[in-house]
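From a predicted model like this one, the values you see are computed outputs, not experimental measurements. In what follows, chains are A, B, ... by sequence order, proteins preceding strands, each numbered from 1.
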Amino acid sequence: NRLYLVCPMNISPHVNLHKTGHEVWEEFSHCFTPAVREVVEFAKKIPGFRDLSQHDQVSLLKAGTFEVLVVRFASLFNVKDRTVTFLGGNKYSVETLKAMGSGYLLNSMFDFSEKLMNLGLSEEEMSLFTAVVLVSADRSGLENVNSVEALQETLIRALRSLITRNHPNESAIFTKLLLKLPDLRSLNNVHSEQLLAFKVH
Amino acid sequence: FSDPASNLGLEDIIRKALMGNLEERQD
């Protein structure tokens with residue numbers, strides 16, 4: 001009945017048995033906080049994001065931070081040797097993590113990362129796609145949907161233009177990218193459930 | 001748990017990170 005944290009946002013999946021549940025959570029929180037701050041810094045650089053109301057900026061970040069992190073950290077999932085690199089720098093095989101209790105979520109994140117990396121996007125394309133992931137007008141709790149929608153459309157047009165210019169013979173890439181959005185939503189939902197269950201535990 | 005981000009403490013981190021920027025803008 002040992003507890004493991006199979007999220008790569010941890011230094012390692014091993015949990016110190018002498019720590020209380022609260023201490024374990026605090027340590028985990030300490031690990032993912034810098035990554036969340038980086039997402040906020042990224043959002044601030046999206047042209048037009050800071051023109052949205054503060055309420056909507058927070059709502060978009062609350063809803064989309066995990067999805068942005070999945071895209072940004074897709075490279076932690078090494079599809080070839082089936083390993084995951086944790087923040088501490090150590091790699092763990094899928095089999096090892098499976099024995100520690102990982103399941104559907106980690107497998108799904110592997111599949112997602114593999115398909116995303118296979119598209120061979122440049123850093124600029126990946127950044128613009130990440131902005132599209134974050135600025136979604138159908139997130140709950142938005143007070144000015146029209147403004148978010150306008151920014152979302154601008155970003156999607158820019159992404160399509162960039163992809164079309166960089167990959168003139170691969171018109172399906174843009175469509176494939178847009179199809180990644182519902183995949184990310186599903187991962188987000190499963191992740192939230194598991195994380196909340198862990199925190200309660 | 002209708003608001004996972006708040007329950008997980010994400011909202012607090014996000015607000016603090018954004019607020020620094022908003023204060024800069026006011027300056």
To the nearest 0.5 Å, atom CD1 of B:I14 lies from atom OG1 of A:T65 at 4.0 Å
Whatever's closer than 4.5 Å to a heavy atom in chain B on A:V40 counts as side chain
Residue pairs passing the salt bridge (Lys or Arg N to Asp or Glu O under 4.0 Å) test with at least one member in residues 18-40 of chain A, sequence neighbours excluded, are A:K19-A:E27, A:E38-A:R72
CZ of B:R15 to CD of A:Q57, rounded to nearest 0.5 Å, is 10.5 Å
- [ ] Decide if atom NE2 of A:H30 counts as having more than 12 heavy atoms of other residues, nucleotides or ligands within a radius under 6.0 Å.
- [x] no
Practice prompt. With the side chain counted from C-beta on, respond yes when B:L10 and A:F66 share a heavy-atom pair under 4.5 Å apart, and no when they do not.
Written response: no
Taken in chain and number order and not counting sequence neighbours, the residues that satisfy salt bridge (charged side-chain N to carboxylate O under 4.0 Å, His left out) with A:E41 are A:K44
